[in-house]
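These notes are about the structure you will find just below.
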Amino acid sequence: MLTTLVAFLGACTLVAASPGPSTVLIIRQSLHSRRSGFLTVLGNETGVFIWGIVAAFGLTALLTASEVAYEVMRIVGAVVLVGFGIQALRQARRKEGAEQDAWQGVRKSGWASYRGGLLLNLANPKAAVFALSFLPQFVPEGAPHLPTMIGLAALWAVYEVGYYGLYVWFVGRMKAVLSRAGVRRRLEQISGGVLLLLGVRMALEN
């Protein structure tokens, strides 16, 4: 079991290190404040755990078996990504004073940060399919399937909270540089552009 856990955590590290929409959103929210960044992480990992539970009960297989369901989720996911991208690009275009006011508003809305991380994860059909294919590989032979899968899903989510928490901490340490208006706007433009492109790519995928 110990060998399995070590292998599982190693795989979780590789998964988390792979850049994706969640990473971009977490970094963007961390530019606003550590609180926003960390709550985005919690929202994202809630989504990870939910997909793990769904996979444990075998419900994710219904998504992969139904082309219509998968296509609907793919389009919804693309719309969510494009929406986040446009939001970031609009934020970058604000004048400095208005931008500062908007950022203060973001800091006050912890629920919005949590909800954003959760929505982005749950709207991604690839996250569901990945959970279905990833978790069963680490269920030891002879172990009870359902509780083991749920335990692995919980461990996966908790581990990624710590991993992405390092991103939030690092961005916070760079606050003196990143808080400059010009740098902040450029980072908003980059993150918005990346999210927008990821959304378009998801929409165009077959």
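When reading the values below, keep in mind they use all heavy atoms of this one structure, side chains included, and skip hydrogens, waters and symmetry mates. Predicted model, so just to flag it, every value in this text is computed and none were measured.
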Between Asn121 and Ala127 the two heavy atoms that sit nearest each other are O-CB, 4.0 Å
Evaluate the side-chain proximity of Val15 to Glu160: yes if any heavy-atom separation is below 4.5 Å, no if none is.
yes
In short, Ala88 meets Gly192 closest at the heavy-atom pair CB-CA, 3.4 Å
Heavy-atom closest pair (Leu198 atom, Gly20 atom, distance to 0.1 Å) is CD1-C, 4.4 Å
Discussion item. Just so I know, are the side chains of Thr13 and Tyr159 near enough to count as touching, which here means a heavy-atom distance under 4.5 Å?
Written reply: yes
Report the C-alpha distance between Leu89 and Leu195 in whole Å, list the side-chain angles of each, state the deciding distance to 0.1 Å, and finish with yes or no for side chain to side chain contact (heavy atoms under 4.5 Å, CB included).
CA-CA 10 Å; Leu89 292 174; Leu195 289 169; over 6 Å; no
* Asked: Does the side chain of Ile26 reach to within under 4.5 Å of the side chain of Ser30, using non-hydrogen atoms?
  -> yes
The residue among Arg35, Gln29, His32 that forms side-chain contact (heavy atoms from CB on, under 4.5 Å) with Ser113 is Gln29
Nearest heavy-atom approach of Leu122 to Gly47 is CD2-CA, 3.9 Å
Is the closest side-chain heavy-atom distance between Leu132 and Val54 below 4.5 Å? no
When rounded to the nearest 0.5 Å, the distance separating CG of Asn44 from OH of Tyr114 is 10.0 Å
Rounded to the nearest 0.5 angstrom, the CG-CZ distance for Leu81 and Phe84 is 8.5 Å
> Any link between Leu5 and Leu135 through a network of hydrophobic side chains (Ile, Leu, Val, Met, Phe, Trp, Tyr) touching at under 4.5 Å?
Replying inline: yes
So side-chain hydrogen bond (donor to acceptor under 3.5 Å, both in side chains) across residues 124-141, not counting sequence neighbours, yields Lys126-Glu205
Checklist line | Short side-chain donor-acceptor distance under 3.5 Å, Tyr164 and Thr40 | finding: no
Side-chain heavy atoms nearer than 4.5 Å, only ILVMFWY residues, links allowed to pass through others: does that put Ile75 and Leu120 together? no
So CZ of Phe138 and CE of Met149: to nearest 0.5 Å the spacing works out to 12.0 Å
For a 4.5 angstrom cut-off between non-hydrogen side-chain atoms, does Arg115 reach Trp111? yes
ring-ring contact (aromatic ring centres under 6.0 Å, His included) test vs Trp156 passes for just one of Phe8, Phe49, Phe134, namely Phe134
Could you see if Leu197 belongs to whatever hydrophobic cluster contains Val194? Use Ile, Leu, Val, Met, Phe, Trp, Tyr and a side-chain cutoff under 4.5 Å. no
Same cluster (ILVMFWY, side-chain, under 4.5 Å), Val158 and Ile150 | no
- Task: Identify whether Val79 and Leu196 are in the same connected component of the hydrophobic contact network (ILVMFWY, side-chain heavy atoms under 4.5 Å).
- Result: no
On a heavy-atom basis, the closest approach of Pro125 and Ala123 is CD-O, 3.3 Å
In short, Val41 meets Val161 closest at the heavy-atom pair CG1-CA, 3.8 Å
_Residue pair Pro140 / Thr148, side-chain heavy-atom distance below 4.5 Å_ = yes
